[in-house]
Amino acid sequence: MRGIGKSFPGVRALAGVRLDVHAGEVHALLGENGAGKSTLCNVLSGAFGSYEGSVELAGEPVALHSPGHARRLGIGMIHQELTLVPDMSVADNILLGAEPRTRLGRVDARRMRDRAATLLADVGLRLDPRQPVRQCRIAEQQLIELAKALSGDLRVLIMDEPTSALADAEVRRLFAVIRTLTARGVAVVYISHRLEELEEIADTVTVLRDGGYVGTRAMAGADRAELIGMMVGRPLGELYPRPASVAADAPVRLRAERLTLTGDTRTGRTALHDVDVHVRAGEIVGLAGLMGAGRTEVLESVYGAHGPRAVTGRVTLDGVPYRPRSPRWAIRHGLAMVAEDRKAQSLVLGNTVRFNASLAALARFRRYGRVDRRAEGRAVDEQVAALRVRTPGTQAVVGTLSGGNQQKVVLAKCLLTRPSVLLLDEPTRGVDVGAKAEIYAICHRLAEQGTAILMVSSELPELLALCDRIVVLCEGRVTAELDRAEATQERILTAAMARGTVLTRTAAGRTEEEVHDR
Amino acid sequence: STASPTTGGGGSGGHFVVAYSQSNNAEPYRAQLNIQLQYFMKKYKDVTLLPIADAKQSSATQVSQVQQFVQRKVNALIVSPNEPAPLTAAVKQACQAKIPVVILDRSVNTDCYSAFIGGDNYVAGKKAGELAVKLLPNGGTVGELQGILSDQPQIDRDRGFRDAVKANPKIRISVHREAKWLKDDATRITGQWLAQGQHLDLVYAQNDPMALGAYLAASSAGKEKSMKFIGTDGLAIPDGGIRAVQQGQLAGTFIYPTCAKQAAETVNALLHHRKVAKKTTLDIVAVTPDNAAQMYRDNDFSKFR
Amino acid sequence: MTGDATTATAEGPTRLVGWRRAVSLLGSLQGYIGLVLVLAFGIVTRGGTFLSQSNLTNAVGAFASRGILAVGETLVILTAGIDLSVGSMLGLASMVSAMLLVNQNLPPWVILPACMLCGAVMGLANGIGTTWLRIQPFVMTLATLSVFRGIDRQLSDNVSVGTQVAGADGKLTGNADSFQLFGTPGHNLFTGVVGAGVYYPVLAFVVVCVVGQLALSQTRFGRHVYAVGGNEAAARLSGVNTDRVKIAVFTLCGLLAGFAGPIDAAYSASADPLAGTSYELDAIAAAVIGGASLAGGRGSIVGTFVGALILTLLDNVLGLNAVSDNLQLIIKGCIVVVAVVLQRPDLLRGAADFVRRVARRGAPASTGRSS
Amino acid sequence: MTGDATTATAEGPTRLVGWRRAVSLLGSLQGYIGLVLVLAFGIVTRGGTFLSQSNLTNAVGAFASRGILAVGETLVILTAGIDLSVGSMLGLASMVSAMLLVNQNLPPWVILPACMLCGAVMGLANGIGTTWLRIQPFVMTLATLSVFRGIDRQLSDNVSVGTQVAGADGKLTGNADSFQLFGTPGHNLFTGVVGAGVYYPVLAFVVVCVVGQLALSQTRFGRHVYAVGGNEAAARLSGVNTDRVKIAVFTLCGLLAGFAGPIDAAYSASADPLAGTSYELDAIAAAVIGGASLAGGRGSIVGTFVGALILTLLDNVLGLNAVSDNLQLIIKGCIVVVAVVLQRPDLLRGAADFVRRVARRGAPASTGRSS
Ligand SMILES: Nc1ncnc2c1ncn2[C@@H]1O[C@H](COP(=O)(O)OP(=O)(O)OP(=O)(O)O)[C@@H](O)[C@H]1O
Ligand SMILES: Nc1ncnc2c1ncn2[C@@H]1O[C@H](COP(=O)(O)OP(=O)(O)OP(=O)(O)O)[C@@H](O)[C@H]1O
Ligand SMILES: [Mg+2]
Ligand SMILES: [Mg+2]
């Protein structure tokens, strides 16, 4: 495609970008948050009625003005934000818009189910196609999106940060799929902020900055520093700075013992069984695990998101017993959580940056029962600046920000509550390298100020570099606890898949119960 | 918010503007009234009747309509109050603005109006009751279909009917329900009565549509021959009560006077500062199979549409 | 699921399995509890009378036109829209049908399509307003509610038009006579063929429901309706022409209103200029009581059918029991609430959860319950 | 913003800047175009009469009670709910006020709080039903619409209660006299003090709007209302007690209905058992025409105020011009549509974009425009 341009009210997202993708190659798109990657891909997938520039597919020029049209041309896309219908079944979602029909014009349910089943198998999901998507985990939904994209006969597949919700195992699975596709001669456009992934899967990489074209490199030749230089436009320091290691005798800020959570098939909630975690003041503890291991649930339970009833176990804050009643209660006691699904759980998309950022901290700006607009504005501006959120202004509608910048707004919201315990669920999901570095730096600053941080991440390097201790979960049980000296990718992965220990644990748990029963 | 008093000088050069606020155009009876009024007003060359304002059954709307006409300084005002009390204040405002007001059919709680013309709903109910007594010489059971329970005409017709049927103690009103003046509700309710196994010798409906609705229900149960139906209103329209009496569906109905003719005359008199009766009550004419055809001819205004 | 299973094994499988059985068993019936209750109430209080074919026919027949509106309304609601103008569309259609009969003396099989066409056109207007002009469905249809009613009244000059047109001989004209089959009480189809015959409004209502249900569950269009309501952006990005779907449902809704028009006219043997006023509330109520979510994406015609039955049978039962009109209003409201609560799909599961929780709380395992 | 600036420079800043000015300038006014049009129409057709204080007072006064309902309705709609029972609540409240006056002979300043309390209780019921019982607001309030109306009619025994109670001397009792100040046409507050005095319903409506707007824009509660409507889950995780907020708005809505009750009673000098019927549509219409989104999270009291004015002044203008009522229905509908379209915030921006695009198409830079 040549000279692609796109502007939104008040924002010019793309100008004169060019991109050449060859059959059978994986072409990576790199760029900071808000660089215009998604916009470019949306143009390619026909999501916009109008754009500038020209697109050529296999030589002949095409006008892409509707997703349906693009799809018929063999252009499939996985969008950055999940685009599934929660109330419809997995099969319906996968084949939405391309339902197979009988001669009578009825939808052929059986063929649909079979087709869906094979596609799910291709992406390595073992799900009942008839199950509603609502019940699937975010990671599962991400893979369903992949299956959906595969449903047509593809010539070009565009993936906008497909791995942001995936843990290592699924990423492997995804790469396998991509390789089979490229082998079939499908061209893949791949967006990710995880450079190590790109090094592994991509052949060529094009870099965007501020909606403009910076350059194209062969992945083989390029080295990280250069790419980062190209996308950030400035040399970037050490990505994972050494943390100041905390004294082992620092007071325990948060402790959860025998944390147990009833599972819920409806919301796809993993059950937790007797999880023990503790975080010292100024300590950063990581939660590792495969998808659905229950990491999110650990945070959500401590935060009170599941209400007081579903959770049992003993939680203490600074040694004082604490009952996770509700998020409100949690915030009042100095907890804050960056939720996993920013769109569904964190942001009022239709409202402004300022509104969202200050929402959790309004109590701070109370004056004579009114919200002190000036104080609020000042605080928000500071925070937004500190996080380098790329936005036309704090009055901009959050929904119009790029994914990564939305994530930063969520972070800003949490920080504005001045938390003493910070719960981060995939805090760097969809955030660019530069911003990542900033977020890491922030974590350290907070830790040094004595904040206790408990963070979930599916990016092991990140955990390894950042955390003083790493707790590994598997199927809602703790299978290992490693401090940074002993933690390695291998040990974490083995623990994450340690079903053996899980079983013995359950056995133990049972005998315990029996003991109690006597 | 009283309007500044004005000498009815709205109509220039001895030409007069008259406004009429109707409580609900979409009631057949009132639609008929409108047609007739327009017809009779045409007879007076120096008077123009503004398009009829419809309050759509809302007293609030009607109040503001009256107020609007006062604002326009019309020379005379005709009002068919939706409810007595609500209109009182508005009528007072009109009369303070020195605008002659003719009240049709339903009274208002003030004497500050120029003339009242109306039928008597109590009498309408009473005559219906007397007819019932005549139709059921040796007693029987009666079902009563009522209009919206809180409407004044409903209350009066109900009272009149009950007083009249007391004449024959063997007549019992075994069931009565609110059919909201509506035909399909009447059909539904009568259907339920019959399904209950209620034996009904006669159904009294406070307006003709309800009576015809009852007739439909009865005929669907094959009981229309063994039952008698009495309506009220007696409109001379194809869909109305008189025609129904002609066709033998209703045993009788009662022409509740539209007052259009008298209203036109009164307004004209008032405009020319002639004396008019403060209160005119028109009597209720019974429509029987014998006089039905005649009545229809006398009251048919469709040709003047 | 697995997580759940493990929980189960973790704490006494037997109890849980038992529970799950009970739940699933009841679950199948449970969507209809509201209806079941009303029926039970009716049978207990007025057994024979209530169940008599004629009574049920009357009850359903009286609601049929609104029921048909409810089907169209459901389609619109499924796409997260709403149509307040159904009542007015029905009114106008019934007026048109009566006028075509009386003035043009056309036969029913000409009148019906004519009305459906005129309904479809009105629906199309709603659809275009909500998509091309991007007006909220609520506002658009509120506006057309008033517009269509105005046209209706202008047409009829506020005078109701009787459909029982007598010829010179004083007997009904042929067309007027066959028009009665549209639903004038006491006039059935196939009399003789099938016992007392079939009452057209009931038949029409049932057929519309069946067709609608099939269309929703079996066709691609149906999927797209759910998709648009469930997540419009997703539907669009999946290549669904969301605008077309929306226009289609509004048009269908109008079409059905047009279809219901003659029924309404025939039922009261005359077309009233106010016919259908506030029917929209009944239609929406039927859909929503039947489990449709005004947020879109959830609901079904079967549900709407049940909802309609609940409404009309409730009315019928209270009527048969000669409950005073004022009390009826109160009781109806309460029963609707109860029915909706009892019918909620997750009710039983919730109960099960609760019991499970209580059970666990009892068990010593959780002596260390926080604070 | 940077990206934006570059664009500007990229293609003739002057033109764009000019545009932006114009847009922002108009933008400020543009939310009220609908109202402006109606006013213009009124002034052109009936200048003096229309603008006369008494006429405007009449017009606004007639709508005041519905306008107050609309304010409460807006609060509910902002949380993505809806309250259909406002009409019935108003009806019941007005009946209560009349009865307290007639039977208990209580002074107005006792009656008013009593009515507000009774309204708040009803609203609370709605709130509890929608939160604790998790019934869709539409269903819950549809049910209570019927229940409250039933209670109202039961209380009054279907007889409207006049508020102009005459004492033994045939003159109005003191309380009845002062009750008229609640809005019996022709009875104003502070007469003499301020010219012809202030008509209480108008005053009340304006005050309610001002207070409501301040509460929404200035207080924490207001933010929470928007948050709950915009994204409930996010609100919950941000520490908003969503249930409490919802219950609060429903209660406030009821409270306001109670507040409007006496006004309605005084306005028609009697409490009709059917008072307030179908007011909910007017209330919702005012809110939605004022830009509130039924999906929640978008809207404002100012908007609702404008919406209310549009509705009532439109009515007034058509009335003053003595337009036939059937036509009025049609015209009203059309004007509402036009107003809503013209008031859409992105309308001008859209236009600006369009112009810009056209301009650019002209420019050589984009000869390579696709297809
Ligand atoms: N609908 C929209 N309206 C207004 N501006 C938009 C819209 N969508 C995107 N933008 C703007 O376009 C720019 C590019 O957004 P885009 O989503 O393409 O960035 P991105 O490269 O995908 O960033 P990320 O890596 O965080 O996803 C951003 O500044 C964003 O604010
Ligand atoms: N569609 C959804 N609706 C509601 N909650 C969801 C949804 N998808 C995911 N969740 C919540 O997020 C939790 C985590 O889901 P996810 O797919 O992210 O697993 P994970 O985070 O990879 O693994 P873990 O649960 O260990 O964090 C789910 O268990 C569920 O509680
Ligand atoms: Mg992106
Ligand atoms: Mg997670």
Side-chain angles (χ1 to χ4, degrees), chain A residues 2-3 5 7 9-13 15 34 36 50-55 61-65 210-212 300 303 305 326-332 337 339 341-351 355-356 358-363 365-366 369-371 373 390-393 396 413 417, chain D residues 1-11 16 20 23-24 214-224 226-244 293 295-298 345-346 348-350 352-354 356-357 360-361 363 365-371:
Chain A
R2 294 264 177 283
S7 40
V11 187
R12 179 120 181 111
S50 72
Y51 57 87
E52 305 147 16
S54 65
V55 182
V62 288
L64 299 166
H65 288 316
D210 294 342
E300 288 176 344
Y303 191 62
S326 69
R328 179 192 191 73
W329 189 249
I331 290 174
R332 202 178 296 156
M337 177 169 93
D341 180 347
R342 64 169 164 261
K343 207 171 169 188
Q345 298 168 298
S346 301
L347 291 172
V348 183
L349 287 171
N351 229 316
F355 178 95
N356 278 279
S358 64
L359 181 57
L362 284 173
F365 310 116
R366 204 87 159 278
R370 295 176 54 242
V371 174
R373 294 286 244 328
R390 178 194 294 269
T391 161
K413 177 171 79 175
T417 64
Chain D
M1 216 53 223
T2 55
D4 204 344
T6 51
T7 353
T9 48
E11 43 173 64
L16 263 188
R20 203 157 296 118
V23 170
S24 61
L214 287 180
L216 271 186
S217 56
Q218 301 288 332
T219 69
R220 183 140 159 257
F221 173 71
R223 301 293 184 93
H224 289 180
Y226 280 101
V228 169
N231 179 347
E232 186 168 351
R236 244 185 80 259
L237 289 178
S238 308
V240 178
N241 185 337
T242 51
D243 278 1
R244 197 190 294 166
S293 152
R298 248 184 314 118
D346 56 6
L348 285 172
R349 212 196 271 107
D353 275 7
F354 179 76
R356 203 176 297 145
R357 216 177 303 122
R360 191 178 304 109
R361 198 173 301 163
S366 67
T367 41
R369 194 157 181 296
S370 61
S371 72

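Labels below follow one simple rule: chain letters A, B, ... track the order of the sequence lines, proteins then strands, and each chain is numbered from 1.
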### Query
Side chain, backbone, both or neither: which part of Tyr303(A) has a heavy atom under 4.5 Å from chain D?
side chain
### Message
Taking side chain as everything from C-beta outward and backbone as N, CA, C, O, which of these in Ser346(A) sits under 4.5 Å from a heavy atom of chain D? Side chain, backbone, both or neither.
### Response
backbone
### Query
What distance do Gln345(A) atom CD and Glu232(D) atom CD have between them, rounded to the nearest 0.5 Å?
13.0 Å
#### Entry: Atom pair CG/CZ of Asn351(A) and Arg298(D) - distance to nearest 0.5 Å
10.0 Å
### Task
With rounding to the nearest 0.5 Å, note down the distance linking CG in Leu359(A) to OG1 in Thr417(A).
11.0 Å
### Summary
Separation between CZ (Arg244(D)) and CZ (Arg328(A)), nearest 0.5 Å, reads 5.0 Å
## Note on the structure
Among Gly222(D), Ser238(D), Ala233(D), the residue with the most heavy-atom pairs under 4.5 Å to chain A is Ser238(D)
#### Entry: Verdict with reasoning, Asn231(D) to Leu349(A), per side chain to side chain contact (heavy atoms under 4.5 Å, CB included)
CA-CA 8 Å; Asn231(D) 179 347; Leu349(A) 287 171; 5.9 Å; no
### Summary
Cut-off 4.5 Å, heavy atoms of chain A, and the answer for Phe221(D) is neither
### Message
Taking side chain as everything from C-beta outward and backbone as N, CA, C, O, which of these in Arg342(A) sits under 4.5 Å from a heavy atom of chain D? Side chain, backbone, both or neither.
### Response
neither
### Message
Under 4.5 Å from any heavy atom of chain D, what part of Arg373(A) do you find: side chain, backbone, both or neither?
### Response
side chain
#### Entry: Heavy-atom pairs under 4.5 Å with chain D, option from Lys413(A), Lys343(A), Met337(A) with the top count
Lys413(A)
### Message
Does any backbone or side-chain atom of Ala396(A) lie under 4.5 Å from a heavy atom of chain D? Answer side chain, backbone, both or neither.
### Response
neither
### Query
Roughly how far, to the nearest 0.5 Å, is the CZ atom of Arg220(D) from the OG atom of Ser358(A)?
11.0 Å
#### Entry: Part of Leu347(A) lying under 4.5 Å from any heavy atom of chain D
backbone
### Query
Quick check: does any side chain N or O of Arg236(D) sit under 3.5 Å from a backbone N or O of Ala305(A), one acting as donor and the other as acceptor?
yes
